[in-house]
Amino acid sequence: MKGLFITFEGTEGCGKTTQINLLAARLQQMGHAVRLLREPGGTPIGEEIRHTLKQSSQNHDMTPEAELLLMNASRAQLVRQIVRPALTSGEFVLCDRFFDSTIAYQGYGRNLDLHWIRSVIDFAVGPTRPDLTLMLDVPLKVSESRRRSRLANTVPQRDRFEELDRSFFVRVEEGYRALAVAEPQRICVIDATAGVELVQEEIWRAVLSKLEQLGADRAVPSTTSPS
Ligand code: Z5A
């Protein structure tokens with residue numbers, strides 16, 4: 001039995017981490033094997049790359065090209081070390097960001113050539129593609145205010161991406177919109193401005209619908225909520 005590969009996408013603060021954890025818990029309570037991953041990162045090598053990309057005190061001069069390749073080095077490792085074996089053994093693989101982030105951030109945000117980006121992604125992932133991508137949609141204002149309130153409640157840590165200006169994030173948003181229009185079969189846009197439980201219910205419906213569509217070789221969970 002093949003597993004199911006689900007990725008979560010959206011602008012920062014849209015609620016990906018909150019929702020991916022809820023979905024993982026729900027599936028685990030039903031007895032399913034779940035692999036919870038994030039990008040960049042998810043393997044020891046990928047986590048070192050993540051540090052270089054985000055927190056390292058040496059990363060101020062990183063070029064957009066180096067950023068693109070590092071994101072995809074982390075991804076190439078994750079796909080081969082974890083994603084493929086987990087899918088082969090029938091697990092639900094849930095990943096917080098995947099290649100759509102590269103198109104939105106390095107393509108639209110950094111203005112790198114989309115043709116080159118797609119070639120790099122193809123090399124990094126080969127035939128491994130998400131079955132379903134949940135794109136959590138919130139206006140930039142909501143994303144900014146959620147990030148601010150989270151910052152107020154956690155110990156601040158330097159993050160190179162947080163230092164980018166607002167116009168960058170406007171372009172990222174535009175990139176996500178274009179992706180959703182281009183790939184409606186794979187990408188399900190979720191209105192993530194609602195409360196956490198409502199968003200989770202919409203996600204759950206999207207997962208069930210994808211499983212029904214894919215048919216009998218996938219692990220279909222019962223439609224009733226776990227007790
Ligand atoms: N990046 C890239 O450029 N290219 C790539 O190929 C890849 C990534 C793979 C990773 O950052 C950075 O790497 C990211 C893109 C880039 N950069 N930026 N900027 P990360 O992993 O550290 O963070 P993130 O992915 O951007 O997500 P996040 O900021 O951690 O946010 P989130 O996971 O989407 O949201 P959250 O933590 O679940 O929620 C944020 C807050 O909102 C929190 O206080 C929640 O309690 C609250 N929340 C959540 N849901 C709700 C609802 N429904 N209502 C009200 N409040 C809510």
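Start at 1 and go down the list; that is how both ligands and their atoms are numbered. By convention here, the first residue in the shown sequence is residue 1.
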Protein residue, atom and distance nearest to [atom], heavy-atom basis:
atom: atom 33 (O) of ligand 1; answer: T17 OG1, 2.3 Å
atom: atom 49 (C) of ligand 1; answer: T18 OG1, 3.5 Å
atom: atom 21 (O) of ligand 1; answer: R50 NH2, 3.0 Å
atom: atom 28 (P) of ligand 1; answer: R150 NH1, 3.3 Å
atom: atom 10 (C) of ligand 1; answer: K54 NZ, 3.9 Å
atom: atom 4 (N) of ligand 1; answer: Q106 OE1, 2.8 Å
atom: atom 31 (O) of ligand 1; answer: G13 N, 3.0 Å
atom: atom 18 (N) of ligand 1; answer: E12 OE1, 2.9 Å

- Message: How about NE2 on H115, more than 12 heavy atoms from neighbouring residues, nucleotides or ligands closer than 6.0 Å, or not?
- Response: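 It does not: H115 NE2 has 12 such atoms or fewer within range.
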Please work out, at 4.0 Å between heavy atoms, whether the side chain, the backbone, both, or neither of [X] comes within that distance of ligand 1.
X: F169; answer: side chain
X: R38; answer: neither
X: K16; answer: both

- Task: For the residue pair S101 and E9, confirm or rule out a side-chain donor-acceptor distance under 3.5 Å.
- Result: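 Distance-only check passes for S101 and E9.
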- Does a donor on one side chain and an acceptor on the other come within less than 3.5 Å for R26 and N21?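 Checked: R26/N21 side chains show no N/O donor-acceptor pair below 3.5 Å.
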- Nitrogen or oxygen of F161 less than 3.5 angstrom from that of ligand 1: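 F161 vs ligand 1: no N/O contact under 3.5 Å.
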- Would one find an N or O of D159, backbone or side chain, under 3.5 Å from an N or O of ligand 1? no
Within the 4.0 Å heavy-atom shell around [X], which atoms of ligand 1 are there?
X: Y105; result: 2 (C), 3 (O), 15 (C), 18 (N)
X: G15; result: 32 (P), 34 (O), 35 (O), 36 (P), 38 (O), 39 (O), 49 (C), 50 (N)
X: A194; result: 52 (C), 53 (N), 54 (N)
X: R75; result: 6 (O), 9 (C)

Do NZ/NE/NH1/NH2 and the carboxylate oxygens of [X] and [Y] come within less than 4.0 Å?
X: R177; Y: E173; answer: yes
X: R110; Y: E65; answer: no
X: R50; Y: E67; answer: no
X: R146; Y: E12; answer: no
X: D131; Y: K2; answer: no

- Which of the listed options, M71, Q200, R146, holds the heavy atom that is closest to atom 16 (C) of ligand 1? M71
- Heavy-atom gap S149 to ligand 1 smaller than 4.0 Å: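 Distance cut 4.0 Å: S149 fails for ligand 1.
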- So is R160 actually on top of Y105's ring, under 6.0 Å and inside 45° of the axis?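 Judged by the rule, R160 and Y105 form no cation-pi pair.
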- Item | R129 to F5, cation-pi by 6.0 Å centre distance and 45° axis angle | no
- Is the side chain of Q19 donor-acceptor paired with the backbone N or O of V196 at a distance under 3.5 Å, no angle test? yes
